[in-house]
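Throughout, numbering of the chain's residues begins at 1 and tracks the sequence. Remember, it's a predicted structure, so these values are computed and weren't measured experimentally.
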Amino acid sequence: LEAHILAHNNEHAASNQRYLDSRNVRAFNLMSSPGSGKTALLEKTLGELLPEIGASVIVGDQRTDLDAERLRRFGGAVSQIETGEMCHLDAARVGAYLPKVIDVATRVLFIENVGNLICPAAFNLGEHLKVALLSVTEGEDKPLKYPAMFSLVDLVIITKIDLLPHLEFDLGKCRKHLIQLAPRAQIIALSSKSGEGFDSWLGFVRKQLL
């Protein structure tokens with residue numbers, strides 16, 4: 001049954017990517033545990049990119065559209081998917097929303113997945129890049145506890161580094177764990193609040209659009 005579900009999802013994911021490719025849109029699937037700072041990252045990202053680069057967002061949450069409301073004030077197209085009992089987004093639901101958020105000006109689509117470090121790892125959404133966020137408040141051993149998530153991503157963003165002086169988080173040890181799990185993944189440490197390291201993230205996004 002699981003194999004059938006994943007195969008069906010992958011068919012929709014392939015269709016989503018063809019849709020995006022035909023419109024020259026690059027999609028980023030942002031995954032993390034709850035409270036890691038995905039929405040804060042996107043708020044600052046949209047504030048920096050729009051209107052220079054057309055950017056849209058699909059937000060996944062089990063309930064409410066609170067995160068989508070935070071992002072709509074920046075002017076880009078934002079749609080909310082309420083997943084109910086599902087702990088992740090799937091390709092079919094994302095595909096149904098693509099025409100709502102993609103227009104001729106859109107160059108990048110950010111998909112803010114449901115806060116969960118287990119389920120989203122198994123479901124391809126048709127994205128071009130997988131991004132995992134890890135907050136310094138979560139502990140440097142989090143990648144070792146959830147290897148399925150951190151081993152498959154293209155980029156890991158270590159967030160909330162402005163809090164490092166107040167925590168016992170070992171940034172060097174965290175990087176070592178990440179390199180062991182995903183040696184080809186890039187690692188960026190930043191703070192959406194202070195802006196430290198944020199240019200590296202924006203540079204990563206812009207590089208994907210060349």
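- With contacts defined as side-chain heavy-atom distances shorter than 4.5 Å, the pair Leu49/Leu202 qualifies.
- The number of heavy atoms from other shown groups lying within 6.0 Å of CD (Glu196) does not exceed 12.
- Using modelled atom types and a 3.5 Å distance limit, the side chains of Ser33 and Glu138 yield a donor-acceptor pair.
- Looking at heavy atoms from C-beta onward, His128 lies out of side-chain contact with Phe28 at the 4.5 angstrom threshold.
- With contacts defined as side-chain heavy-atom distances shorter than 4.5 Å, the pair Cys174/Leu134 qualifies.
- Side-chain atoms of Asn29 and Val131, non-hydrogen and from C-beta on, never get closer than 4.5 Å to each other.
- With 3.5 Å as the limit, one finds no donor-acceptor pair spanning the side chains of Asp162 and Ser194.
- Summarising the geometry, atom OG1 belonging to Thr39 is positioned 15.5 Å from atom NZ belonging to Lys44; distances are rounded to the nearest 0.5 Å.
- By the 4.5 Å heavy-atom criterion applied to side chains, Val94 and Glu127 are not counted as neighbours.
- Between His8 and His12, the ring planes are perpendicular. Angles over 60° get that label, and only those under 30° would be called parallel.
- Environment of CD in Glu168: sparse, with no more than 12 heavy atoms of neighbouring residues, nucleotides or ligands closer than 6.0 Å.
- Contact detail for Phe110 and Ala55: the closest heavy-atom pair is CE1-CB, 4.2 Å.
- Judged by distance alone, the side chains of Asp103 and Thr106 do bring a donor and an acceptor atom under 3.5 Å apart.
- Asp61 places no side-chain N or O within 3.5 Å of a backbone atom of Glu82 that could act as its donor or acceptor partner.
- Under a cutoff of 6.0 Å and an axis angle of 45°, Lys207 and Phe204 do not form a cation-pi pair.
- For the side-chain contact (heavy atoms from CB on, under 4.5 Å) test, residues two or more places apart in sequence or in another chain that qualify with Asp154 are Leu129, Lys130.
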